[in-house]
Trainee: 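One structure coming up, written as structure tokens, with questions to follow.
In the text below, chain A, chain B and the rest are named by the order of the sequence lines, each starting its count at 1.
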There are 2 protein chains.
Amino acid sequence: MGRVPDPVRYAEPGSVELTVTIKDVARDAAVSIATASRALNRTDLVAPQTRDRVREAAARLHYTPHGGARSLITRRTHTIGVLLPDLYGEFFSEVMRGIDQTAQRAGFQCIVSSARHSGPTLEAALRAMRGRVDGLVLMSPEFTRELSTRTLPAGFPVVLLNCPPSETPHDSLNIENYDGAYSMVRHLAGLGHHRIAILTGAAGNFDAAERLRGYRAALLDAGLPSPAELVVAGDFSEAAGEAGARQLLQLAERPTAIFAANDGMAIGALLALREAGLRVPEDIAIGGFDDIPMARYVDPALTSVHVDISALGERAVAALLSVLGHPARREFTRETAATTLVVRRSCGARKAESVPPVRPSAARSSPWREVV
Amino acid sequence: MGRVPDPVRYAEPGSVELTVTIKDVARDAAVSIATASRALNRTDLVAPQTRDRVREAAARLHYTPHGGARSLITRRTHTIGVLLPDLYGEFFSEVMRGIDQTAQRAGFQCIVSSARHSGPTLEAALRAMRGRVDGLVLMSPEFTRELSTRTLPAGFPVVLLNCPPSETPHDSLNIENYDGAYSMVRHLAGLGHHRIAILTGAAGNFDAAERLRGYRAALLDAGLPSPAELVVAGDFSEAAGEAGARQLLQLAERPTAIFAANDGMAIGALLALREAGLRVPEDIAIGGFDDIPMARYVDPALTSVHVDISALGERAVAALLSVLGHPARREFTRETAATTLVVRRSCGARKAESVPPVRPSAARSSPWREVV
DNA sequence: TTGTAGGCGTTATCAA
DNA sequence: TTGATAACGCCTACAA
């Protein structure tokens with residue numbers, strides 16, 4: 001409640017006149033406001049000549065409808081709200097790309113905000129979107145049902161991206177974190193590694209937890225031990241990758257392979273190892289997750305779990321747009337994006353290749369799986 | 001004029017009731033709407049007990065003010081519009097980061113759109129923001145005065161980013177393209193290169209033109225020839241960098257150094273050269289522009305003209321916010337962001353270093369120069 | 001085919 | 001301290 005603190009001093013209202021309203025157009029075309037509105041929108045309901053007169057007046061005056069006012073009565077803004085943990089970095093940037101493209105194609109604008117954690121910031125961001133957006137794409141790995149009911153009007157169209165699955169009444173989209181991590185670790189084990197470490201994502205983060213789960217399962221299935229010392233806590237940042245790798249190098253018995261829960265950390269680890277004078281993959285193999293564009297360019301090129309990141313954004317918007325058509329419906333979809341292991345130099349496999357997903361049996365025409 | 005084509009079918013209005021308005025709060029708290037509004041905003045004008053009653057009611061009902069409606073009367077949206085050529089890629093991503101952070105800190109939201117070229121898309125995007133934003137950060141290297149007057153209300157607060165300087169009545173922010181390019185080429189010449197090629201940016205792009213100008217000037221000052229065959233047209237894309245490099249390799253007499261007008265193309269060139277079996281920098285030296293994060297990670301690490309990209313976004317928003325305070329004023333500022341040459345392996349200099357800007361004489365406390 | 005009038009949710013003005 | 005009432009810019013019954 002209340003307004004955000006406002007450090008900006010606005011000029012006195014009226015000091016500049018810069019708005020041309022439909023009133024001006026109407027006057028200029030010598031018609032009523034209603035007719036002007038019709039001429040601009042539902043052109044079939046107005047005489048051709050008056051229509052032309054109005055549109056000409058509008059053009060001459062550089063009239064542009066006031067979006068806010070219009071949406072007040074039409075109940076639609078043609079805008080979707082996008083809330084991501086961050087707006088920068090290759091991952092989010094790619095997501096945004098997919099979101100923006102799809103939205104734009106459908107004639108929608110995007111209001112974007114970033115809020116890393118649940119809490120006041122996230123809540124404020126959500127509130128600020130009230131009345132400005134038709135629906136929401138929300139990526140918040142710490143999103144809770146509680147927050148949902150407290151902040152969002154019941155029935156408000158929302159698509160959850162990479163959020164922990166809960167009983168939240170929203171559509172959701174997730175990455176196949178478990179499978180992806182599993183296949184990476186299985187691959188490393190298959191290369192003969194027995195001491196495989198993991199740099200985990202942020203604590204409390206759903207994706208992070210799932211990837212860790214996949215790591216553990218793969219080790220188990222490969223009959224490998226999984227000592228606690230090989231599980232190093234990270235937070236998806238490059239700095240955490242560096243720190244984590246350094247920590248692993250302190251061990252009495254070093255790991256021979258490191259699985260970083262995302263590419264950012266993998267790259268950080270790469271730097272730390274290089275600095276320590278170790279060769280990748282000869283001395284230590286490395287694998288990442290997400291396959292951000294940079295993965296191809298680092299040296300050595302990074303083996304990673306490929307996710308079609310921009311497609312994630314695309315899909316989220318598509319889902320949202322379809323919800324906008326039927327806000328009354330009461331079932332919610334839950335989709336999962338398949339991953340692919342992309343083998344490059346950093347893991348030490350003899351040659352680069354692209355490995356099929358963990359469960360090739362589930363023949364898929366698309367990488368999208370409908371879970372519920 | 002007219003509305004955007006709308007492929008989305010909305011549900012029948014009224015099919016779901018999801019709006020709690022101030023009316024509901026007022027009723028619940030047994031006060032008039034006016035009092036409810038006051039209790040929520042200017043709490044000092046209302047009796048403490050009624051204030052509490054109202055706020056409690058608002059909390060209980062999960063009331064959130066309708067931004068659109070509010071801004072209709074307050075004439076302020078607490079939102080800035082951001083229009084970039086693209087939303088993805090490291091450069092734009094970094095710009096967005098600076099923009100978002102600064103806006104958020106000031107309690108502003110961002111509506112973002114991408115429109116690569118002037119034209120219908122850009123115009124539509126601008127129109128769609130009418131009535132939704134208090135001001136605009138506009139990055140469009142093809143922006144024209146004509147477009148400005150046609151699309152924007154006179155006096156509308158706009159900050160131009162990387163736009164060609166024109167008589168447009170707006171504040172503007174530019175990169176020191178000329179100086180940056182000049183120092184890069186001078187550096188290459190200083191390393192003994194006599195045949196220095198350039199991969200240019202997109203035709204019609206202001207930044208591209210300026211960088212080309214700096215390249216030419218540096219060659220001239222170094223007493224080097226500048227044959228037309230060494231100027232290869234690009235468009236800032238990685239693909240163009242690859243193609244351009246390949247084209248240069250076809251020459252009877254190859255260049256010994258390539259200056260790519262941005263890092264994306266430099267990286268593309270790197271790939272092409274690697275593929276052709278050439279070593280960088282031993283066989284051919286390479287330099288880029290922008291110093292995007294990836295520049296540090298490619299192999300060999302890329303020598304580039306460093307620009308504090310996110311600071312560009314920061315600064316743009318800061319400028320806009322300050323304009324919001326004084327829309328009536330009639331002078332417009334024009335700032336330029338200084339660059340720094342960052343020497344890494346790709347240019348073949350003996351050791352990496354950071355070279356001061358071209359005109360160190362102009363002692364600056366900040367990298368920002370006020371031009372007018 | 002056009003105009004009048006009401007209302008979307010909010011804040012601002014002015015009496016009371 | 002509070003409550004009517006009038007905007008804000010626009011759209012849309014309903015009536016003419």
Trainee: Choose from D:dC10, C:dT2, D:dT1 the nucleotide whose nearest atom is closest to any side-chain atom of A:Tyr63.
Mentor: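 Out of D:dC10, C:dT2, D:dT1, the nucleotide with an atom closest to A:Tyr63's side chain is D:dC10.
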Trainee: Would you say a side-chain N or O of A:Ser71 is under 4.0 Å from OP1 or OP2 of C:dC8?
Mentor: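 For C:dC8, neither OP1 nor OP2 has a side-chain N or O of A:Ser71 closer than 4.0 Å.
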Trainee: In whole angstroms, how far is the C1' atom of C:dT10 from the NE2 atom of B:His78?
Mentor: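 Going from NE2 in B:His78 over to C1' in C:dT10 covers 14 Å.
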Trainee: Taking only residues at least two apart or on different chains, which pairs with a member in residues 110-126 of chain B satisfy salt bridge (Lys or Arg N to Asp or Glu O under 4.0 Å)?
Mentor: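 Sorted result for residues 110-126 of chain B: B:Asp86-B:Arg116, B:Glu123-B:Arg127, B:Glu123-B:Arg150.
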Trainee: Out of C:dT10, D:dT1, C:dC8, which has the shortest distance to the side chain of A:Ile73?
Mentor: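 The listed nucleotide nearest to A:Ile73's side chain is C:dC8.
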Trainee: Distance check needed: C:dT10 C1' versus B:Arg42 CZ, whole Å only.
Mentor: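 So the CZ-C1' distance, B:Arg42 to C:dT10, works out to 15 Å.
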Trainee: Restricting to side chain to side chain contact (heavy atoms under 4.5 Å, CB included), what partner residues turn up for A:Arg38, sequence neighbours left out?
Mentor: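 Testing A:Arg38 for side chain to side chain contact (heavy atoms under 4.5 Å, CB included), a comparison that skips the adjacent residues, returns A:Ala34, A:Thr35, A:Leu45.
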Trainee: Got a salt bridge between B:Glu56 and B:Arg53, using NZ or NE/NH1/NH2 to carboxylate O under 4.0 Å?
Mentor: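 Salt bridge absent between B:Glu56 and B:Arg53.
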Trainee: Taking the side chain as every heavy atom from C-beta outward, state whether B:Ser113 and B:Met129 have any atom pair closer than 4.5 Å.
Mentor: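 Yes, at least one pair of side-chain atoms sits under 4.5 Å.
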Trainee: Between the base of D:dG3 and the side chain of B:Arg38, is one N or O donor paired with an acceptor at under 3.5 angstrom?
Mentor: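 By the distance-only test, yes, there is a pair.
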Trainee: Determine whether a donor-acceptor pair (N or O, by modelled atom type, separation under 3.5 Å) exists between the side chain of B:Arg132 and the backbone of A:Thr77.
Mentor: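 Yes; at least one donor-acceptor contact below 3.5 Å.
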Trainee: Taking CD from B:Gln49 and C1' from D:dT2, how many angstroms apart are they, rounded to a whole number?
Mentor: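 Whole-Å distance recorded here is 13 Å.
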Trainee: Can you tell me how far C1' of D:dC8 sits from CZ of A:Arg70, to the nearest Å?
Mentor: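 Distance check: A:Arg70 CZ to D:dC8 C1' gives 16 Å.
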Trainee: For A:Ser37, report the nucleic acid contact type (base, sugar-phosphate, nothing); a contact means any heavy atom under 4.0 Å.
Mentor: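 Contact class for A:Ser37: base.
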Trainee: Give a yes or no on whether the backbone of A:Ser37 and the side-chain of A:Asn41 come within a donor-acceptor separation of less than 3.5 Å.
Mentor: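 Yes, the answer is positive, given that a donor and an acceptor are paired below the 3.5 Å cut-off.
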Trainee: In whole Å, I'd like the distance from the NZ atom of B:Lys23 to the P atom of C:dT11.
Mentor: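 Answer to the nearest Å: 14 Å.
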Trainee: For C:dG3, does either OP1 or OP2 sit under 4.0 Å from a side-chain N or O belonging to A:Ser32?
Mentor: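 For C:dG3, OP1 or OP2 has a side-chain N or O of A:Ser32 closer than 4.0 Å.
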Trainee: Out of D:dC8, C:dT2, D:dT2, which nucleotide sits closest to the side chain of B:Arg75?
Mentor: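 Nucleotide nearest to B:Arg75's side chain: D:dC8.
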Trainee: So, does A:Thr74 get its side chain near the phosphate of D:dC11, meaning an N or O under 4.0 Å from OP1 or OP2?
Mentor: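 Negative; the distance criterion is not met.
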Trainee: Are the side chains of A:Val317 and A:Phe108 in contact, using a 4.5 Å heavy-atom criterion?
Mentor: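 Heavy-atom side-chain distance check fails, nothing below 4.5 Å.
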Trainee: I need the CD1-C1' distance between A:Ile22 and C:dG3, as an integer number of Å.
Mentor: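 Taking atom C1' of C:dG3 as the reference, CD1 of A:Ile22 is at 14 Å.
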Trainee: To the nearest 10 degrees, how far apart in direction are the end axes of the helix from C:dT1-D:dA16 to C:dA16-D:dT1, each fit to five base pairs?
Mentor: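 What I find for the helix from C:dT1-D:dA16 to C:dA16-D:dT1 is an axis angle of 40°.
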Trainee: D:dG9 P sits how many Å from B:His66 NE2, rounded?
Mentor: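 To the nearest whole Å, that distance equals 16 Å.
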Trainee: For A:Leu72 and for A:Thr35, locate the closest nucleotide of DNA chain D by heavy-atom distance; then report the residue assigned to the nucleotide nearer the 5' terminus.
Mentor: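 The answer here is A:Leu72.
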Trainee: Taking the nucleotide of DNA chain C with the closest heavy atom to each, which residue, B:Ile33 or A:Asp44, is nearer the 5' end?
Mentor: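 It is A:Asp44, whose closest nucleotide lies nearer the 5' terminus.
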Trainee: For A:Asp24 and A:Thr21, indicate whether the former's side chain and the latter's backbone hold a donor-acceptor pair under 3.5 Å.
Mentor: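 A pair under 3.5 Å: yes.
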Trainee: Starting from C1' on D:dG9, measure out to CG on A:Leu40 and report it in whole angstrom.
Mentor: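 It is 13 Å, rounded to the nearest whole Å.
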Trainee: Assign each of A:Ala34 and A:Pro48 to its nearest nucleotide of DNA chain C by heavy atoms, then name whichever residue's nucleotide is nearer the 5' end.
Mentor: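 Upstream on the strand: A:Pro48.
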